[in-house]
There are 2 protein chains.
Amino acid sequence: MNSGDSTLTDTKERILDAAEHLLAIKGFRGASLRAITGEAGVNLASVNYHFGSKKALLEAVIKRRIQPLNHIRRKRLEQVRESARQKGKKPDVKAALSAFIEPTLLFKESNPDAKKFFIFIGRSLTDPDDTVREVFLRFIKPIFHLLFETACEALPGQPREIIFWRLHFTIGALFHAMHISGNIKTKFLDVKTGIDANSLVNLILPFVTAGMKAK
Amino acid sequence: MNSGDSTLTDTKERILDAAEHLLAIKGFRGASLRAITGEAGVNLASVNYHFGSKKALLEAVIKRRIQPLNHIRRKRLEQVRESARQKGKKPDVKAALSAFIEPTLLFKESNPDAKKFFIFIGRSLTDPDDTVREVFLRFIKPIFHLLFETACEALPGQPREIIFWRLHFTIGALFHAMHISGNIKTKFLDVKTGIDANSLVNLILPFVTAGMKAK
DNA sequence: GATCGATTAAAACAAATGTTTGAATAAATG
DNA sequence: CATTTATTCAAACATTTGTTTTAATCGATC
């Protein structure tokens, strides 16, 4: 019986790893269960046995990575708000953006396999498959709202609608950067995509900070 | 015989329209030829008869919209460079960005059907399907290079690599905005997606201009 | 009006998909 | 050890996919 030992979860984790890889490069429809189980070295039927369906596998793949990431993002965003409240000042815009962006980008180096997931996140909101978008949105929504509220506190002069759109521009810039920087191809539109997470943070933060503060 | 009359091209255009619609909302793999021909009201085999293959249909769909769009973007970008050269000054950053962004967004209102294509463009660079990315990249690359050179002239103080990444952030912000603003769902992460093109231009231009100029 | 090429139509094709089945094997339990 | 449960495995299932085929229909030209 399943008692949390590694022999059983081995199969599940091998499936998750292979699925993560293939979902990232092939998408939900393009990653067939035969390809996934083939790469994982397990039987085709084991996906439906362990997860129930392909959609449930997708959810498991996303949840495994997003949940710990969201935990960090939430903690850092609440830190920014709390420390500002203690000082009696409004939160710093750059700090708020950094609280969301830095964990997201550094996440790549937290786990060697997370790199694959980068490509997947970068496509999450525009994925042609309803299921993928729906699952990702469910996870992203609460964090996005927290980021939004923090940004509104940091920029009390700006209308909320403008902040909303500018955060979407930020997300767009970030996710696009994640997609191309996580790409297998070494070049994308002639830019070297092999860039380390810290450098990318230092590139994107000034850009979006200036954008949020604009005018 | 084909002599350019509307009865013949009618079938091809009906296929193109239906394909554009379904490719946008379902993606390349999700849009089946049966669904496309069904919506177009034509026979299944007519796609392979008129276009040769599904991939060739995809190329035709993209080319039909992208080519005229690229023509406008190229003209406007060259205008920015030329008028700056005549004045003996460097190009204006905002003008350069506007030359690329404005036609892209206004394109939505040039054609009532182009709205569907919006979603497709918004996903073009991160599409899970190799074919889609490859075809879009082929069309986007030369314009992106022109935009890059213009931006380098406008920001002579900045290293080219930084400009390169910031333009990618710009593209990411723009395409993400296109995707959600072209979306069928009226709400996306609680923001109203039904926004007219001019308002979106006025929202995104200050953001990316400030981002390009940052520090 | 007959002929010939272009287009449409219905049917069949082979390949690939997610899922289910039922037997075989392994592991755990009494 | 015997038995029960969990897991693996190969095979088959029913759909769906893009493409091809072959015949029917249409349109223009002689």
Side-chain angles (χ1 to χ4, degrees), chain A residues 1-62 127-132 134-135, chain B residues 1-62 127-132 134-135:
Chain A
M1 187 197 290
N2 181 356
S3 50
D5 66 338
S6 63
T7 19
L8 169 66
T9 57
D10 201 40
T11 302
K12 286 186 78 168
E13 276 192 18
R14 287 162 68 119
I15 292 174
L16 284 170
D17 288 338
E20 180 175 57
H21 175 219
L22 287 168
L23 285 171
I25 61 174
K26 298 277 190 184
F28 184 63
R29 290 195 121 93
S32 73
L33 289 183
R34 282 167 179 82
I36 292 172
T37 52
E39 184 173 307
V42 300
N43 188 270
L44 168 64
S46 57
V47 168
N48 286 280
Y49 176 77
H50 283 288
F51 295 93
S53 69
K54 190 185 181 184
K55 178 175 175 173
L57 170 61
L58 171 80
E59 293 213 26
V61 167
I62 296 174
D127 200 287
D129 200 278
D130 295 335
T131 311
V132 176
E134 183 235 304
V135 175
Chain B
M1 185 196 291
N2 181 358
S3 50
D5 66 338
S6 61
T7 19
L8 169 66
T9 55
D10 201 40
T11 302
K12 286 186 77 168
E13 276 190 19
R14 289 161 67 116
I15 293 174
L16 284 170
D17 288 338
E20 180 176 57
H21 175 219
L22 287 168
L23 284 171
I25 61 174
K26 298 277 189 182
F28 183 65
R29 290 195 119 94
S32 73
L33 289 183
R34 279 167 181 84
I36 292 172
T37 53
E39 183 173 308
V42 301
N43 188 270
L44 167 66
S46 56
V47 168
N48 285 281
Y49 176 76
H50 283 290
F51 296 93
S53 69
K54 191 185 180 184
K55 177 175 176 173
L57 170 61
L58 171 79
E59 292 213 28
V61 168
I62 296 174
D127 200 287
D129 200 278
D130 295 336
T131 312
V132 177
E134 183 235 306
V135 175

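In what follows, every heavy atom counts, from backbone to side chain, and hydrogens, waters and symmetry copies are set aside. Letters go in sequence order (proteins before strands), and every chain restarts at 1. Only a predicted model underlies this, so the values are computations on that prediction, with no experimental measurement involved.
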Requested in this report: Name the residue closer to the 5' end of DNA chain C, choosing between Ala45(A) and Gly30(A) according to the nucleotide with the nearest heavy atom.
Outcome: Gly30(A)

**Report entry** For atom CZ of Phe51(A) and atom C1' of dT20(C), their distance in whole Å
**Finding:** 18 Å

Query raised in the report: If every non-hydrogen atom of Phe28(A) is compared with every non-hydrogen atom of Leu23(A), which pair is closest and at what distance?
Result: CA-CD2, 3.6 Å

Query raised in the report: Counting any heavy atom closer than 4.0 Å, what does Arg29(B) reach on the DNA or RNA strands: base, sugar-phosphate only, or nothing?
Result: nothing

Requested in this report: Measure from the side-chain heavy atoms of Tyr49(B) and tell me the nearest of dA11(C), dT8(C), dT7(D).
Outcome: dT8(C)

Query raised in the report: Leu44(B) has an atom CG; how far is it from atom C1' of dG18(D), in whole Å?
Result: 8 Å

Query - Leu57(B) to Val47(B) - nearest heavy-atom pair and separation - result: CD2-CG1, 4.0 Å

**Report entry** Nearest-Å distance for atom pair CG/C1', residues Asn43(B) and dA23(D)
**Finding:** 13 Å

Report task. Write down the atom of Ser53(A), the atom of Asn48(A), and the distance for their closest heavy-atom approach. Result -> CA-OD1, 3.7 Å

Query raised in the report: Between Lys26(A) (NZ) and dA16(C) (P), how many Å, whole number?
Result: 13 Å

Query raised in the report: Are any of Ser32(B)'s side-chain N or O atoms less than 4.0 Å away from OP1 or OP2 of dT16(D)?
Result: no

Query raised in the report: Which is true for Ala35(A) with a 4.0 Å heavy-atom rule: it touches a base, it touches only sugar-phosphate, or it touches nothing?
Result: nothing

Query raised in the report: To the nearest Å, how far apart are Lys54(B) NZ and dG18(D) C1'?
Result: 8 Å

Report summary line: Taking for Leu33(B) and for Val42(A) the nucleotide of DNA chain D with the nearest heavy atom, the one nearer the 5' end belongs to Val42(A)

Report summary line: Arg34(A) CZ to dA11(D) P, in whole Å, measures 13 Å

Requested in this report: Can you tell me the distance, in whole Å, between the CG atom of Leu57(A) and the P atom of dT17(C)?
Outcome: 15 Å

**Report entry** Atom of Phe51(B), atom of Ala60(B) and distance for their closest heavy-atom approach
**Finding:** CE2-CB, 3.8 Å

Query raised in the report: For dT8(D), does either OP1 or OP2 sit under 4.0 Å from a side-chain N or O belonging to Thr11(A)?
Result: yes

Query raised in the report: So what does Ala56(B) hit on the nucleic acid, given a heavy-atom distance under 4.0 Å: a base, only sugar-phosphate, or nothing?
Result: nothing

Query raised in the report: Nearest-Å distance, CD1 (Ile36(B)) to P (dG18(D))?
Result: 7 Å

Query raised in the report: Think His50(A) has a side-chain N or O under 4.0 angstrom from the OP1 or OP2 of dA6(D)?
Result: no

Report summary line: Smallest heavy-atom separation, Lys26(B) atom then Pro128(A) atom, equals O-CB, 3.7 Å

